Amino acid sequence: MDPERPHMRILIVETQESLGALWQRALQRRGASVWLAHGHSEAEELIQQGDFDVIVLDVIIDGGSALALADLASFRLPSCRVVFVTDTTFFSDGTIFNYFANAAALLSTSTPTDDLVALVEHHAAADGRA
């Protein structure tokens with residue numbers, strides 16, 4: 001990562017703590033500042049207060065709606081991209097891209113961590129941060 005450029009600011013919203021922590025560590029190793037939320041209310045507060053380049057957002061989260069969070073991010077952080085992840089077939093037909101202009105990708109939670117990191121870096125770079 002170029003030390004002259006601002007680093008990536010990433011929010012991960014993942015109910016499975018170990019999976020979220022795995023992604024967090026991998027992104028931190030690449031120089032990103034990473035916040036990890038395990039439920040809706042925690043993520044909502046971070047979106048209201050933060051300035052993120054990319055949000056990695058599990059489609060199924062505890063205590064609320066990931067779709068409402070993506071909508072909030074679209075309003076609050078218009079340049080922020082959302083990488084949706086899921087372990088279900090929900091939105092597997094690609095319709096999520098019809099509903100959310102900020103949707104950058106839809107991945108399986110079983111996607112290799114290096115691939116997820118590369119995708120996040122790509123979308124953060126599109127905003128000029130990585």
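Predicted model only: the values in this text are computed from it and were never measured.
- Contact annotation: the side chain of I47 approaches that of L69 to within less than 4.5 Å [non-hydrogen atoms, C-beta and beyond].
- In terms of heavy atoms, L36 sits closest to E42 at O-OE2, 3.4 Å.
- Atoms OG1 and CG, on T113 and D115 in that order, are 8.5 Å from each other to the nearest 0.5 Å.
- In this structure, H7 contributes its side chain and G31 its backbone to no donor-acceptor pair below 3.5 Å.
- Separation of atoms CD (E17) and CG (L22) is listed at 13.5 Å; rounding is to 0.5 Å.
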>> Assess the residue pair V83 and L57 against the criterion (side-chain contact (heavy atoms from CB on, under 4.5 Å)); give the C-alpha distance rounded to whole Å, side-chain angles, the decisive distance to 0.1 Å, and a yes or no.
In response: CA-CA 6 Å; V83 174; L57 179 58; over 6 Å; no
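- Atom-to-atom distance recorded for S33:OG and M8:CE is 9.0 Å, nearest 0.5 angstrom.
- A donor-acceptor pair shorter than 3.5 Å cannot be found between the side chains of H38 and T15.
- No more than 12 heavy atoms of other residues, nucleotides or ligands shown are found within 6.0 angstrom of CD on E45.
- Across all non-hydrogen atoms, the minimal contact from I61 to G39 is CD1-C, 4.5 Å.
- Judged by distance alone, with hydrogens and angles left aside, the side-chain atoms of Q16 form no donor-acceptor pair with the main-chain N or O of S18 at under 3.5 Å.
- Judged by distance alone, with hydrogens and angles left aside, the side-chain atoms of R9 form no donor-acceptor pair with the main-chain N or O of D53 at under 3.5 Å.
- Between G50 and R76 the shortest heavy-atom distance is O-NH2, 3.7 Å.
- Of all non-hydrogen atoms in A43 and L11, the two that sit nearest each other are O-CD2, 4.3 Å.
- Residues D58 and V13 are not in side-chain contact: their nearest non-hydrogen atoms beyond the backbone lie 4.5 Å or more apart.
- Considering all non-hydrogen atoms of both residues, A26 and V117 come closest at CB-CG2, 3.7 Å.
- Taking OG1 from T109 and CH2 from W23, the interatomic distance works out to 6.0 Å, rounded to the nearest 0.5 Å.
- A donor-acceptor pair is defined here as one N or O able to donate and one able to accept, closer than 3.5 Å; such a pair exists between the side chain of Q24 and the backbone of V34.
- Using the six-membered ring where Trp is involved, F84 and F100 have ring planes that are tilted, between 30° and 60° apart.
- Annotation: the span from L46 atom CG to W35 atom CH2 amounts to 8.5 Å, rounded to 0.5 Å.
- Annotation: side chain of T86 is not in contact with side chain of L107 (no heavy-atom distance under 4.5 Å).
- The minimum heavy-atom distance between R81 and A104, with the atom names listed, is NH2-CA, 3.6 Å.
- Of the possible polar contacts, none joining the N102 side chain to the V82 backbone as a donor-acceptor pair under 3.5 Å is found.
- Residues V120 and V56 form a side-chain contact, since some pair of their non-hydrogen atoms from C-beta on lies under 4.5 Å apart.
- Note that the CG atom of L106 and the OG1 atom of T111 stand 9.0 Å from one another [nearest 0.5 Å].
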